[in-house]
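Chain A is the first sequence line, chain B the second, and so forth, proteins listed ahead of strands; every chain is numbered from 1.
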Number of protein chains: 2
Amino acid sequence: MRTDKKLIEAAAALLDSGGESAVTLRAVASAVGVSHNAPYKHFEGRSALLAAVAIADFTSLTAAFTRIRGSRSKPMRKLKKALATFIEYGRTYPARYKLMFSDPSLAPKGDELESAAMKTFREFAAIVEECQTSALFPEMENVALTGLLFASVHGLIDLAAGGRMRREKGFSSVGESVDLLLDLVSRGAGKRRRGLSFAGANK
Amino acid sequence: MRTDKKLIEAAAALLDSGGESAVTLRAVASAVGVSHNAPYKHFEGRSALLAAVAIADFTSLTAAFTRIRGSRSKPMRKLKKALATFIEYGRTYPARYKLMFSDPSLAPKGDELESAAMKTFREFAAIVEECQTSALFPEMENVALTGLLFASVHGLIDLAAGGRMRREKGFSSVGESVDLLLDLVSRGAGKRRRGLSFAGANK
DNA sequence: ACCTGAACACCGTTCAAGT
DNA sequence: ACCTGAACACCGTTCAAGT
């Protein structure tokens, strides 16, 4: 396996096991079995390596969304499946999730990261559009509704990842809050549509 | 002025000017004019100092919400004022905002931070409750609706702070997205209520 | 009580040198 | 092309010592 791939995987593993602060170039290099500055031969620096991890994860998230969109399920079920995938990813890999969606130092990292993130967003937008076309969701600019949904779910995942979710704050779980959100959004549509709780979308 | 207060203010200033990574204990100490480890006489360590900054900001945010709630405005106007304050804070002090709501290393920082955050949340919840009582918002568990609103707005602010807001992603601005959200939530209420766009709530 | 200075074990990054 | 080892300028944190 190529060294650069190995570095990316080692960085991802360190993110999962110890959070972002555990990802030192020296630890990554040592995990791969090269000298402490060999990573500089493959990446511009620590931040570029982290960006590469984020790009790889955006790519696989996009693939998951594409698979869901191509399935035979109904639009709302596709959306719930996509959101369940998204939430599960944030819950399982909080450090990588934060890297992708919430790390300010990674934002100005240029074209490749930006375009990988955009592909993920567009795939999600296409699923939302199917819900709108089926009149399950309000008729409004698709990109505005998608952006709001995406940001809301991100907020729920991010607060959960940061340990800000407490029962006293009204979050019994991210999934239930998303259910509530989808219900509220659906009420704005002409045709009402109930059933299929979010909690069951993944079973 | 007491040294501990000075340290907190210096840390906040460094957060504003250079982000979290700029807040080194040595830089903070130097800004205050003490030796590089004098901070340890006032705080357990870097993380405790950052927590103190967050606590101070939660306290002033709570005060702002309390002021708004006590004003003579109508419920929906109060909510929009509170949200405008919240958004403006996130936009002006992104690093401090992220510290409060999105830093995983600060979450397990114990009672004082937690209770300061809870007071802020409860004040916000009380404003949401006024909207529900006035039938502007759906009848449902206040804490669930508040949690969802709070998380959604947080997601919008956080994505904006992280540079993930692009016109192509459907966010023309945080304020407009919040307007859309409030509109969607209001549609779930028995009584419909239009007018008072968010953009104008602050003027 | 509060502070200082030296010291330790880390970092990211650079650079000259090796194969 | 790819890697290594030494070096530099930082960190957070600890500790003994000063007032």
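Here the P atom of nucleotide dC3(D) and the CZ atom of F43(A) are 11 Å apart, to the nearest Å. One atom, NZ of K6(B), and another, C1' of dC2(C), lie 13 Å apart when rounded to the nearest Å.
Residues P75(A) and S134(A) share a closest heavy-atom pair of CG-OG, 3.3 Å.
E88(A) and T92(A) share a side-chain donor-acceptor pair at under 3.5 Å.
Taking side-chain N and O atoms only, T3(A) has no distance below 4.0 Å to OP1 or OP2 of dA1(D).
Y89(A) pairs by the side chain to side chain donor-acceptor pair (under 3.5 Å) definition with D57(A), not counting sequence neighbours.
The partner of dA1(C), taking Watson-Crick or G-U wobble pairs whose two distances both stay under 3.5 Å, is dT19(D). Shown here, dT14(D) forms a base pair with dA6(C); the pair counts as Watson-Crick or G-U wobble because both key distances fall under 3.5 Å.
Contact check for L83(B) versus L182(B): side-chain heavy atoms found under the 4.5 Å cut-off. Contact check for H154(B) versus R164(A): no side-chain heavy atoms found under the 4.5 Å cut-off.
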Could you run down the sub-3.5 Å N/O contacts of the protein with nucleotides 12-15 of chain D?
unit_1  : atom_1 : unit_2 : atom_2 : d
dG12(D) : OP1    : L25(B) : N      : 2.9
dG12(D) : OP2    : L25(B) : N      : 3.2
dG12(D) : N7     : R26(B) : NH1    : 2.4
dG12(D) : O6     : R26(B) : NH1    : 3.3
dT13(D) : OP2    : Y40(B) : OH     : 2.9
dT13(D) : OP2    : R46(B) : N      : 3.0
dT13(D) : O5'    : Y40(B) : OH     : 3.1
dT13(D) : O4     : H36(B) : NE2    : 3.4
dT14(D) : O4     : N37(B) : ND2    : 2.9

Counting only pairs under 3.5 Å, give me each side-chain donor-acceptor contact of residues 27-41 of chain A, with atom names and distances, residues two or more places apart or in other chains.
none

